[in-house]
Amino acid sequence: MVFKQENIKNLALVVAEQDVKGRSLWADARKRFFQNKAAVAGMVVLIIVGLFALFGAQVSQFTNDEIDFMVIGQVAELGGPSFASGHFFGTDDLGRDLFARVVQGTQISLMVGVVGAAIAVIAGTLYGATAGYIGGRIDNAMMRTVDILMAVPYMFVIILLLVIFGRSISMLFVGIGLLSWLEMSRIVRGQTLSIKNKEYIEAAQATGVSSFKIILQHIVPNLTGIVAVYATLLVPLMILTESFISFLGLGVQEPDTSWGALIFEGAGTMQYGTLWQLAFPLFFFVITLFAFFFVGDGLRDALDPKDR
Amino acid sequence: MSTSLLKVEDLRVSFSLKSQGDMPWTKSRVLQAVGGVSFELKQGETLGIVGESGCGKSTLARALIRMVKATGRVVWMGDEELLGLSKSQMMKYRSEIQMVFQDPLASLNPRKTVGQIIAEPLRTHNPKLSKDEVVAQVKAMMQKVSLLPNQINRYPHEFSGGQCQRIGIARALIVKPKLIICDEPVSALDVSIQAQVINLLMELQQEMGLSLVFIAHDLSVVKHISNRVMVLYLGKVMEVADRDDLYDNPRHPYTQALISAVPIPDPKIERAKDVILLEGDLPSPLAPPSGCVFRTRCAKAQAICGEIAPELKAPEEKEGTVLALEKESTHRVACHFE
Ligand SMILES: Nc1ncnc2c1ncn2[C@@H]1O[C@H](COP(=O)(O)OP(=O)(O)OP(=O)(O)O)[C@@H](O)[C@H]1O
Ligand code: SF4
Ligand SMILES: [Mg+2]
């Protein structure tokens, strides 16, 4: 015998003693997600854009409202992107540093997207899960309310809000927050309805676990997959909404800016030969949206419950 | 010794169905899923309940633990009537009556570890237990159902169907119940594993003095484990008798058909025996046949069967003494020609 009987016995004992680590569904999903190249690339892009928004201001040699009088009036000739002048992305039509402005616009746009999605996640999940779990008349009333709110032309309402209460970032958040959770609550409610009839919920009810605990411990953890997917797809939608409003000239207020506002300005000056004013904000806008969609797609594939 | 644990009298469950497009004033249709079931279960014994899919077995089980609205009486240990209890009064009995479900994997939350799943009833009923105490009890229980205690941190999807059902059994046993209602606990398992799970249940029953209500859709599964067997058809009891009595001497045409369909291991006998085929489909429970509910598929049906519903009684019992449960071992049949 090559192995000593004694050793094998000891090994078996040790193996039996130690608690084996489980492989949770999350761990499985993480592994699948990291096998998806497009999703990983999307995540890398998002991290880079995030770092750009956070630390870009330190790199920049100008602030977003500082006018460079050297280039004013000659933007097409002198305001182009160059390292020598310190305007890495060139300047805008008023001679302000475009790099600084893109950094600041990225901050606003990402914040709008993330805050909108966060409101949707919290309000939508709680509202939808409650309606779905309670069911019956309360569910009916809650969901018809959502239907009615959804029928309101929200763009019109947001524009009205901005016109009446004046343009401000907080008003923009209020407007976007008001509409973002509606779709989420519907999705969550639908999912809750199907989870509610699972036998493990019945098992919990049969042993006397309270409804509150069932929602928190059994329903919400099984919702996180779909909520995470939908939230990542919601961020670009929020960014698009904000951009559209800014494009209409109703978004953030000068000197603050956002991707939409920058693209709007860049598009307006395109014919004067200052194409970079459009190209840089548009580039960030497009890669971020694509990155979010790829990550959302990757999450959906990774978390697909049918797969397990 | 053999005291009554659970006495059920005339249990009825009906669902009122509304379809999507119905107007608020449309009358909803009534589906009687359980139509007057009575039985008595003694401590340490097993009642097998058999019937086709859709005959109301699960609904009956769920009515016993107040998961659906029911009428009738469910008497627990001779004194407490469960159907009339409030939600908080019922809590005490939720630990004494536990349930094991049909689909082993679906009855376990995929996001929780085995340890968390088994501990849930314990945490609910003994919230004061310390964490270590809970883990110790869970591990001991895993050992009891032949699971390796070191697997406590694994997730349900890492186990086979049979192991998942052991987890479900461990979860039911952790609060030391007096009665376990097993709703088709082996229907989703391979035949070889069915036997293991049934044997495990019988061992645990011996060891812990459990009573079981064991639901299955065919007679061969409950034969081994039951003391008494009840045959259901469209929510009604067709026949109820002690195990050997029922298998050796089935008196109801439906039971006879079910028993004739059970394969016999000896090929000679198997080939020679007559299988009574059940013709036609199960009638819709929304529109059950008049009179005897079995008459649409019964070979012996006569005119009277469509007019008068036969009562469940032993031949020696007089008409009208339906609930005479004093002799528990009586063989009762619901058929006019018996
Ligand atoms: N919540 C409910 N609402 C309406 N009808 C129901 C409900 N639950 C069950 N039913 C109906 O009651 C009848 C009995 O169902 P039940 O689930 O008790 O059958 P079963 O004998 O357990 O069948 P299976 O062997 O398939 O599990 C069926 O016709 C079913 O459609
Ligand atoms: S009462 Fe009639 S229909 Fe019903 S089982 Fe007996 S013979 Fe068949
Ligand atoms: Mg069932």
Side-chain angles (χ1 to χ4, degrees), chain A residues 11-32 135-137 140 191-228 303-308, chain B residues 58 61-62 64-68 87-88 90-117 120-125 127 135 139 143 148-159 167-168 171-172 174-175 177 181 183 188:
Chain A
L11 184 69
L13 272 181
V14 169
V15 168
E17 283 287 301
Q18 270 169 0
D19 288 354
V20 182
K21 246 184 96 107
R23 195 166 44 86
S24 71
L25 291 183
W26 286 117
D28 281 3
R30 202 175 316 130
K31 205 171 121 215
R32 275 199 296 271
R137 283 223 182 101
N140 246 327
Q191 190 72 10
T192 306
L193 283 184
S194 79
I195 294 174
K196 180 171 96 167
N197 290 325
K198 292 263 164 69
E199 275 182 354
Y200 57 81
I201 302 290
E202 204 179 328
Q205 289 167 339
T207 203
V209 183
S210 67
S211 299
F212 181 68
K213 272 196 174 157
I214 290 180
I215 291 183
L216 280 190
Q217 295 183 356
H218 292 280
I219 297 200
V220 170
N222 282 288
L223 284 171
T224 35
I226 197 158
V227 169
L303 294 169
D304 193 347
K306 269 173 254 138
D307 231 41
R308 51 171 208 100
Chain B
S58 300
R62 298 174 71 224
L64 295 178
I65 51 166
R66 298 276 306 272
M67 302 276 291
V68 293
K87 220 173 157 183
S88 53
M90 186 64 200
M91 235 355 228
K92 179 176 157 220
Y93 301 98
R94 293 206 179 275
S95 73
E96 299 191 340
I97 309 176
Q98 285 284 315
M99 212 160 154
V100 173
F101 294 86
Q102 174 167 7
D103 187 334
L105 192 57
S107 64
L108 310 175
N109 186 342
R111 307 254 171 219
K112 292 196 165 202
T113 64
V114 171
Q116 291 171 322
I117 290 171
E120 184 170 52
L122 200 58
R123 287 238 172 80
T124 309
H125 292 283
V135 170
K139 283 192 169 178
Q143 193 110 48
L148 286 175
N150 67 353
Q151 311 272 306
I152 188 166
N153 289 328
R154 285 192 178 265
Y155 289 84
H157 64 121
E158 299 175 275
F159 291 88
I167 298 169
R171 168 175 62 187
I174 192 106
V175 279
I181 300 173
D183 186 4

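Each chain gets a letter, A, B and so on, in the order the sequences are listed, and its residues count up from 1. Predicted model only: the values in this text are computed from it and were never measured.
- With no hydrogens or angles considered, a side-chain donor-acceptor pair links Tyr200(A) and Asn222(A) at under 3.5 Å.
- Put simply, the side chain of Gln191(A) never gets that close to the backbone of Ile226(A): no donor and acceptor are under 3.5 Å apart.
- In this structure, Glu158(B) contributes its side chain and Tyr155(B) its backbone to a donor-acceptor pair below 3.5 Å.
- Considering only heavy atoms from C-beta on, Ile181(B) comes within 4.5 Å of Ile97(B) through its side chain.
- The closest donor-acceptor contact from the side chain of Ser107(B) to the backbone of Pro104(B) lies under 3.5 Å.
- For Thr113(B), no part lies near chain A; criterion is any non-hydrogen pair under 4.5 Å.
- Of the residues considered (Met90(B), Met99(B), Arg66(B), Met91(B)), Met91(B) shows the highest number of contacts with chain A, using heavy-atom pairs under 4.5 Å.
- Considering only heavy-atom pairs separated by less than 4.5 Å from chain A, the leading option among Gln98(B), Gln151(B), Gln116(B) is Gln98(B).
- Residue contact with chain A, scored on non-hydrogen atoms closer than 4.5 Å, involves the side chain of Arg62(B) exclusively.
- Counting heavy-atom pairs under 4.5 Å between each of Glu202(A), Gln217(A), Lys21(A) and chain B puts Glu202(A) at the top.
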